[in-house]
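Per chain, numbering begins at 1; letters A, B, ... match sequence-line order. Atoms considered below: every heavy atom in the structure, side chains included; atoms not considered: hydrogens, waters and symmetry mates.
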Amino acid sequence: MLFLCCALAAFLAFVVLVLIAKEVFEGAQPAFAKFGFSFITHQEWAPPLEKFGGRGLIFGTLITSAMALLIGAPVAISIGIFLALLAPVSVRNVISPLVEMLAAVPSVILGFWGLLVLGPFLVSTVEPFLHDTFGFIPLFGAPQTTGASIFSAGLILTIMVIPIIASVTRDLFMAVPRELQDGAAALGSTRWEVIRGVVLPTTLSGMTAACLLGLGRALGEAIAVSQVIGGGTESHLSLFKTGGTMASIIALQFPSAVSALHTASLYYLAGLLLVIGVASNLLASWVGMRFGAAGGAMR
Amino acid sequence: MSLFRRKVEQEFDPTQPLVATGNLGRRHAVSRVAQGVAVVAALAAVAVLVIVIWAVVSHGAKAINWTFITSGYPTGIGPYLVGTAEIVAIATLMAMPIGVLIALFLSEYAGRRWARPVQLVLDVMNGLPSIIIALFLYILIVAATKQQSGFAAAIALAIIEVPLIARGTQEVLNLVPGAQREAADALGVARWRSILTIILPAASGGIVTATLLSVARAAGETAPMLLLNSLAKGDAVQFNPFHEIPNVPVRIFQLSEEANPEGFTEAWGLSLILIAIILALGLGSRFLLNRSKRKLAR
């Protein structure tokens, strides 16, 4: 009897997952029938004209997530190294919960802070500096007057991704067998050489999985991004202009969609997001399984 | 590893006293720099947390007073707080049994063959963007009934909470000593009875912890609220879950979209209360987890 209940609960989770995919793809059906796959490459997003193309939004999603991972992953892995291998236990017991607290800050509050505090700061100091120094790279175009930009969205996502990757990599590094590290140290390695030569190679797959986990989070974050990115839909290279991501445009435009096709196009975006998100998740767990649970430490 | 190779290539003269090779200073310097980078990274994360919380506290404290907390729109936020509590409570009531049952299935019943796909389903569910869950329930409930409702939002939150509760419960179930299960088996106790009377009570601390953590996560979840439950005005407490229920995250979101300084103050105040509740839940659950782990380890 209890077994039946448990099995039913597990089955229910599976059914919900399948239903989610089914409903989202069904919702996207009108847009898919009209645009087909050219939706992905088409640029213009103009709800009043019934013209919908996702390229700008897909591009915005990729650039913000890439920024979050490029900045966030090295920082987060450094934090993991510090917490697992360098910090004394008393320090670790203070910093670990603080890092986890950062993950607990709701996205709407982080976005609100990004809008009122981070955005203006970036516009007044960081963006002019980057533009003046690296202005020849198209990424660092002229700063806009409002605080909303792809750049601040990327930074907010970085803040959200760091604690996720940091806590996973911390657990990975703590699982690396002590004997391996001691062996390397006995051969005369410095602390960094132990980390570089033993800890990082044995946990490579685990770190990859952690980054994919963070990537999934960054791709799907809707609220905080929609608060700070400004709601544009065109694709351009400048980080300092407004932009949009797939998830953020759903949050911004869904409640006030102007037509059935508009709604369907938003579902199309959600379908794309679902495919990418599930793929990165499956890839993460495949990498984890294929190369061993503790990052292949005992391979 | 190239460092070791380079050392071997040098001529080794056993009659010479052991001295540091030429690049030892450089290697130590590199090591110190790397350790420094790790420390700075950790400090940076803590600094960001402090900066965000300081902004919320310093702006939010100005907004908070007794009328602000107890009265409704437009002077206060009482109905939003009550509404969020209602929705999260309904969601947790749905999610907790399902999450615990799934965890039991994984740790007590499923062999390797069944545990893997179920675990995979949980992982995918956990990684699902909340906005997609919201869109799913929009078609299923809001579009079908032509009525936004707190209940629809509660189901969305439940879908978010289930994998969290299941994962946390499973971790603590794995800590329950196998000897207890075997002892019960040896006495001829039926499986379901040993689970209900021995294993679940031993794991109860962990289950409460996981539930509290998932509540903390659900309370701040905005995307499902925005799509499923965002039209309530917030001038009165709404107890019917089949209507729109005013709630904190949507209010913060709406205020942040309007360029109105007074609204910003109210949003800071709401943020402060929400963040205080969430951090208190997080700390409380951590305390409980440590206690129950100690109990199990004994």
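Annotation: side chain of Met101(A) is in contact with side chain of Leu283(B) (closest heavy-atom distance under 4.5 Å). Between Cys6(A) and Glu108(B), every side-chain heavy-atom pair lies at or beyond the 4.5 Å cut-off. Under the 4.5 Å side-chain criterion, counting only non-hydrogen atoms from C-beta, Val24(A) is in contact with Ile132(B).
With a 4.5 Å cut-off on non-hydrogen atoms, Glu257(B) touches chain A through its side chain but not through its backbone. Interface remark: Leu279(B) contributes side-chain atoms only to the contact with chain A (heavy atom separation under 4.5 Å). Looking at Val56(B), only its side chain comes within 4.5 Å of chain A, counting heavy atoms on both sides. With a 4.5 Å cut-off on non-hydrogen atoms, Ala267(B) touches chain A through its backbone and its side chain both. Both the backbone and the side chain of Val39(B) come within contact range of chain A, with heavy atoms under 4.5 Å apart. For a residue to count as touching a neighbouring chain, one of its non-hydrogen atoms must lie under 4.5 Å from one of that chain's; by this rule Leu281(B) does not touch chain A. Only the side chain of Leu17(A) has a heavy atom closer than 4.5 Å to any heavy atom of chain B. The parts of Leu98(A) that come within reach of chain B are both its backbone and its side chain, each placing non-hydrogen atoms under 4.5 angstrom from that chain. Looking at Leu255(B), there are no atoms closer than 4.5 Å to chain A (heavy atoms on both sides), in backbone or side chain. Heavy atoms closer than 4.5 Å to chain A are found nowhere in Trp114(B), neither backbone nor side chain. At a 4.5 Å heavy-atom cutoff, the contact between Ile275(B) and chain A is made by backbone and side-chain atoms alike. For Arg191(B), no part lies under 4.5 angstrom from a heavy atom of chain A. Contacts of Ile98(B) with chain A are made by both backbone and side-chain atoms, with heavy-atom separations under 4.5 Å. When heavy atoms are compared at a cutoff of 4.5 Å, Leu273(A) approaches chain B by way of both its backbone and its side chain. Contact annotation for Leu102(A): both backbone and side-chain heavy atoms come within less than 4.5 Å of a heavy atom of chain B. Neither the backbone nor the side chain of Leu219(A) comes within contact range of chain B, judged by heavy atoms closer than 4.5 Å. When heavy atoms are compared at a cutoff of 4.5 Å, Leu8(A) does not approach chain B at all. Of the atoms belonging to Ile53(B), not a single heavy atom falls under 4.5 Å from chain A. Contact of Leu106(B) with chain A is not made at all, since no heavy-atom distance falls under 4.5 Å. Contacts between Glu100(A) and chain B at a heavy-atom distance below 4.5 Å involve the side chain alone, from C-beta outward. Contact annotation for Arg191(A): both backbone and side-chain heavy atoms come within less than 4.5 Å of a heavy atom of chain B. Both the backbone and the side chain of Leu274(A) come within contact range of chain B, with heavy atoms under 4.5 Å apart. Neither the backbone nor the side chain of Arg217(B) comes within contact range of chain A; no heavy atom of the residue lies under 4.5 Å from a heavy atom of that chain.
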Could you check Gln227(A) against Phe253(B) for side chain to side chain contact (heavy atoms under 4.5 Å, CB included), going step by step and ending with a plain yes or no? CA-CA 8 Å; Gln227(A) 281 166 294; Phe253(B) 185 77; 3.7 Å; yes
For Ile51(B) and Trp113(A), run side chain to side chain contact (heavy atoms under 4.5 Å, CB included): C-alpha distance rounded to whole Å, both residues' side-chain angles, the deciding distance at 0.1 Å, then the answer. CA-CA 10 Å; Ile51(B) 291 170; Trp113(A) 173 80; 3.7 Å; yes
Show the numbers, then the answer: is there a side chain to side chain contact (heavy atoms under 4.5 Å, CB included) between Ile81(A) and Val37(B)? CA-CA 10 Å; Ile81(A) 290 174; Val37(B) 167; over 6 Å; no
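By number of non-hydrogen pairs under 4.5 angstrom with chain A, the leading residue of Leu104(B), Val30(B), Val46(B), Leu227(B) is Leu227(B). The most heavy-atom pairs under 4.5 Å with chain A, out of Gly220(B), Ala143(B), Gly282(B), Ser256(B), come from Ser256(B). Of the listed residues (Val117(A), Leu19(A), Leu110(A)), the greatest number of heavy-atom pairs within a distance under 4.5 Å of chain B belongs to Leu19(A). Listed options Leu115(A), Ile20(A), Leu213(A) were ranked by heavy-atom pairs under 4.5 angstrom with chain B; first place goes to Ile20(A). Among Ile159(A), Leu266(A), Leu116(A), the residue making the largest number of heavy-atom pairs under 4.5 Å with chain B is Leu116(A). Here Ile278(B) is the residue among Val118(B), Leu122(B), Ile278(B), Ile133(B) with the most heavy-atom pairs under 4.5 Å with chain A. The candidate from Gln35(B), His59(B), Met125(B) with the greatest count of non-hydrogen atom pairs under 4.5 Å with chain A is Gln35(B). Contact tally against chain A (heavy-atom pairs below 4.5 Å) for Pro129(B), Ala166(B), Ala41(B): the top residue is Ala41(B).
Between the Ser78(A) side chain and the Ala38(B) main chain, no donor and acceptor come within less than 3.5 Å of each other.
Aromatic pair Phe254(A)/Tyr138(B): centroids less than 6.0 angstrom apart.
Between Ala9(A) and Leu101(B), the shortest heavy-atom distance links the atoms CB-CB, 3.6 Å. Of all the heavy atoms in Gly220(A) and Ile131(B), the pair that sits closest is O-CG2, 4.3 Å. Here the closest heavy-atom approach between residue Asp123(B) and residue Ser285(A) is recorded as OD2-CB, 4.4 Å. Shortest non-hydrogen contact noted between Ile139(B) and Gly27(A) is CD1-CA, 3.9 Å. Closest heavy-atom contact between Ile102(B) and Ala13(A): CD1-CB, 3.9 Å. The two atoms that bring Ala251(A) and Leu226(B) nearest to each other are O-CD2, 3.5 Å, heavy atoms only.
Annotation: the span from Ile95(A) atom CD1 to Leu43(B) atom CG amounts to 6.0 Å, rounded to 0.5 Å. Within the model, atoms CZ of Phe105(B) and CG of Leu4(A) stand 10.5 Å from one another, a figure rounded to the nearest 0.5 Å. Of the inter-residue distances, the one linking Arg196(A) atom CZ with Ser31(B) atom OG reads 12.0 Å to the nearest 0.5 angstrom. Summarising the geometry, atom CG belonging to Leu135(B) is positioned 5.5 Å from atom CD1 belonging to Ile250(A); distances are rounded to the nearest 0.5 Å. Atom CG of Asn93(A) and atom CG of Asn290(B) lie 8.5 Å apart (nearest 0.5 Å).
Residue pairs meeting the side chain to side chain donor-acceptor pair (under 3.5 Å) criterion with at least one partner in residues 267-280 of chain A, sequence neighbours excluded, do not occur; the list is empty.
Between Phe3(A) and Tyr109(B), the ring planes lie perpendicular to each other; the angle is over 60°, past the 30° to 60° tilted range.
For Phe14(A), the CZ atom is loosely surrounded, since the number of other residues' heavy atoms within 6.0 Å does not exceed 12.
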